[in-house]
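Everything on this sheet refers to the single structure shown next.
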There are 2 protein chains.
Amino acid sequence: MSQEEVGVDLETSLGYLLKEASSALRAAMEEVLRPLGMNVTHYSCLELLAQRPGLSNSELARGAFVTRQTMNVLLKSLERDGYVTRATEAPVGKALPTRLTPAGRRSLEKASAAVRSVELRMLSGLTAPEQSDASRILRSMIHSLRADNEEA
Amino acid sequence: MSQEEVGVDLETSLGYLLKEASSALRAAMEEVLRPLGMNVTHYSCLELLAQRPGLSNSELARGAFVTRQTMNVLLKSLERDGYVTRATEAPVGKALPTRLTPAGRRSLEKASAAVRSVELRMLSGLTAPEQSDASRILRSMIHSLRADNEEA
DNA sequence: TGACTCATGTCAGTATTCTGACATAGCTTG
DNA sequence: CAAGCTATGTCAGAATACTGACATGAGTCA
């Protein structure tokens, strides 16, 4: 276990820890969503629509961190199953606003409660100030990563 | 943008921020690894083998946060391309130790440097104490998420 | 106005990862 | 010792997400 630190040390790397935490969160979410017949992307899409009604396919894709092609496939299945409705004509440009149906809203309610309980579990060992720190630190990481991405 | 907070508020949710940060990190890593003909899982596997030579397929899978079936597919391609070698017989049990070849080690060197630069970029806006906080907070999140996963 | 750029929706094909299943090796336990 | 349990490697098929490509609508600018 003692190596001469050539590259990234997985034991102490914040990048690795970030991936580990994200992976654990995703697994925990999948576990509670599975009994509800949902996966994480599914849930993310509905949650986005609940909080920001009328989002377009591309906007939903960005919010759920998938490509717009992937979101397009998902939206079709959600529309087929009666959870969302999409405008048939674009009010402006090509973007088609999407909205939750009552069925979609009902389905989301249980999922949202389940996900919230997972998030509370995740934060159960942290004090309020630590949670504030976490928020600030994560935002800084995101900002730094994106800033240099755009330069390149 | 002002909703009555029924479920998880995406603007302030630490779960969403975690996903966002992880997604940004992954994208940044993919970007620097692509010119080297590697993806993140690819790199993770080689990095794990560099730091812990002789890991088995299942151990590598856990370390890279994928299933052992997925890692098996990856290992086959890495072996075919001459980056790793796998024992043909299990010294104990069924686990087949895997090791980097010189070619694999050479390939990893550039990738490791690229990934390290991404990680430094991610941390560029944080002080040393903040980085310590981040480490402690992420470990706490991971622990809390896993603890209740096993109970269930 | 006309050319250019950008964002969007969508189709098609590919790549990646997952779940399910089976056989085998080692350990534990009655 | 035999049975049960766990971990591993592997095969097959399904689900998921991606890249590439094309057409269209809106804004910019010479």
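Lettering of chains follows the sequences in order, A, B, ..., and the numbering in each one begins at 1. Any value given below was found using the heavy atoms of this structure, including those in side chains, with hydrogens, waters and symmetry copies removed.
One interatomic measurement links the two molecules: CZ of B:Arg62 to C1' of D:dG9, which rounds to 13 Å at whole-angstrom precision. For B:Arg68 and D:dG9, the CZ to P distance is 8 Å, given to the nearest whole Å. For the pair A:Arg26 CZ and D:dA17 P, the interatomic distance rounds to 7 Å; values are reported in whole Å. Distance CD (B:Glu30) to C1' (C:dA15): 12 Å, rounded to an integer number of Å.
Ion pair A:Arg52/A:Glu59 not flagged as a salt bridge, since none of the NZ, NE, NH1 or NH2 atoms sits closer than 4.0 Å to an Asp/Glu carboxylate oxygen. A salt bridge does not link B:Glu31 to B:Arg26: none of the charged side-chain nitrogens sits closer than 4.0 Å to a carboxylate oxygen.
Using a 4.0 Å cut-off, some side-chain N or O of A:Lys76 falls inside it from OP1 or OP2 of C:dC11. The phosphate of D:dA7 (OP1 or OP2) has no side-chain N or O of B:Ser58 nearer than 4.0 angstrom. Considering only side-chain N and O atoms, A:Asn57 lies nowhere under 4.0 angstrom from the phosphate OP1 or OP2 of C:dT8. Contact annotation: B:Thr67 side-chain N/O to C:dC18 OP1/OP2 distance is under 4.0 Å.
Remark on DNA chain D: of its neighbouring residues B:Gln69 and B:Glu59, the 5'-side contact belongs to B:Glu59, judged by nearest-heavy-atom nucleotide.
Nucleic acid contact class of A:Leu74 (heavy atoms, under 4.0 Å, all strands): none.
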